[in-house]
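For reference, the structure discussed in these notes is given below.
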Amino acid sequence: GTGSGNDGSDSDSTPASSSSNTTNTITITLNARTGNSHTVDCDTEHNSGGIDVYQGSTYNWAYTLTNTGWNTDNYQFTSTVTSDSGADTTGWSVTSGLVNGKELTGVDTSLTGTSVATSSIQITPSLTARPGTYSIEMVVSSNSGGAPQNCDFDVIVPQPDLEIKNTDVDFSHTSAWINTRGDTQKVTIYATVRNTGGNIDSTGISTNEVTVKFYADSAPIGTSQVVSLKHGEEKEISVEWNPGRAHTSDEVGLVVTIKVDPSSDIEESNEANNEASQFFKVVRTKSSTPSFFMGFFALIGSVAVAVMLSSYYRNKNSEE
């Protein structure tokens, strides 16, 4: 019936325009989900901090994969590396961390299992990778038909940076002497050199053979030395030196200089830190070798004493 229920009748003849009923608005928010969808988020830096990577070293880039769909799904992972300058990427290793077929449950909380997985993209640049910017991309595809999602970021392979500081130069003695005859005290010069950059320059020259030269008073000491300096390596080399002169009263000492890659054969990110110097004092002394006449008279005296002693014992034996 159409009655209001208040007057016992089965009908309500009250016009709608005279009705006191009101209509309320109810707002309903719906979170619409698809059956299969997912997201992947990557860190902006690798596990050691920063985006610089070096030839032959492995770096981990953490990421999070989340199944945002309603259904349980599993995934395929594809990782690639490209060079912004078109450099060769052969020999790079980029792996996705999670294995193909990794399964995650949907967001229905009644399901058992997890809808989130964390892992790391492992990146190992080629041993011959040239300096520059490289783009890394990981594509995560749904095996149940969901739209693929990607995660991408840039990494940088730096130029070599060969380095030596003034404090890296040391000596076996605090000073040395040179006499009037030109005899000098032998000194050992020590130098510590390092590479804080990459192993290959833009032209393909490696840091396996780095030339180091020693100079004293602007003159080279001995022959050039060759060392291998990979990223992060530090090596001490030395050379023996006989000073050629004493420093004057106007000088702090003789200037001893060590140059790394003196001919600039290797392209570097910083060419201004390849040379170091220290002052070394060399003093002049009188000759420590006796003169000819002093030696001659000493010899005569020794012979005379020997003759006297010999005569004494011969006479003594005769008397007995």
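Numbers for residues simply follow the sequence, beginning at 1. Only this structure's heavy atoms are used, side chains among them; waters, hydrogens and symmetry mates stay out.
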Closest non-hydrogen atom pair, His46 against Val53: CD2-CG1, 4.4 Å
Non-hydrogen side-chain atoms of Ser115 and His38 separated by less than 4.5 Å: no
Spacing of OG1 belonging to Thr196 relative to CD belonging to Glu234, to within rounding of 0.5 Å: 10.5 Å
Identified ring pair (Phe, Tyr, Trp, His ring centres under 6.0 Å) partner of Phe153 from the options Trp61, Tyr63, Tyr134: Trp61
Modelled atom types, side-chain donor and acceptor of Glu137 and Asn150, under 3.5 Å: yes
Under 3.5 Å side-chain donor-acceptor pair for Asp161 and Asn195: no
Value rounded to 0.5 Å, distance of SG in Cys42 from CE in Met138: 5.0 Å
Thr257 side chain to Ser277 side chain, donor-acceptor N/O pair below 3.5 angstrom: yes
Minimum heavy-atom distance Lys213-Pro262, with the two atoms named: CD-CG, 3.8 Å
SB check Arg130 Asp88 (cutoff 4.0 Å): no
Glu268 side chain to Asn274 side chain, donor-acceptor N/O pair below 3.5 angstrom: yes
Pair Ser144-Ser142, side-chain donor/acceptor within less than 3.5 Å: no
Evaluation steps, side-chain hydrogen bond (donor to acceptor under 3.5 Å, both in side chains), between Ser206 and Asn199: CA-CA 6 Å; Ser206 75; Asn199 304 329; over 6 Å; no
Contact check, side chains of Leu104 and Asp73, non-hydrogen atoms, under 4.5 Å: no
Side-chain donor-acceptor contact under 3.5 Å, Ser202 with Gln159: yes
Verdict with supporting geometry, Thr203 and Asp201, side-chain hydrogen bond (donor to acceptor under 3.5 Å, both in side chains): CA-CA 5 Å; Thr203 65; Asp201 73 1; 2.8 Å; yes
Modelled atom types, side-chain donor and acceptor of Ser79 and Ser96, under 3.5 Å: yes
From Ile200 atom CD1 to Lys230 atom NZ, the distance as rounded to the nearest 0.5 Å: 7.5 Å
Test applied, ring pair (Phe, Tyr, Trp, His ring centres under 6.0 Å); reference residue, Phe280; option that passes from Tyr215, Phe171, Phe214: Phe171
Gap separating the CG atom of Asp154 from the CG atom of Asp84, nearest 0.5 angstrom: 5.5 Å
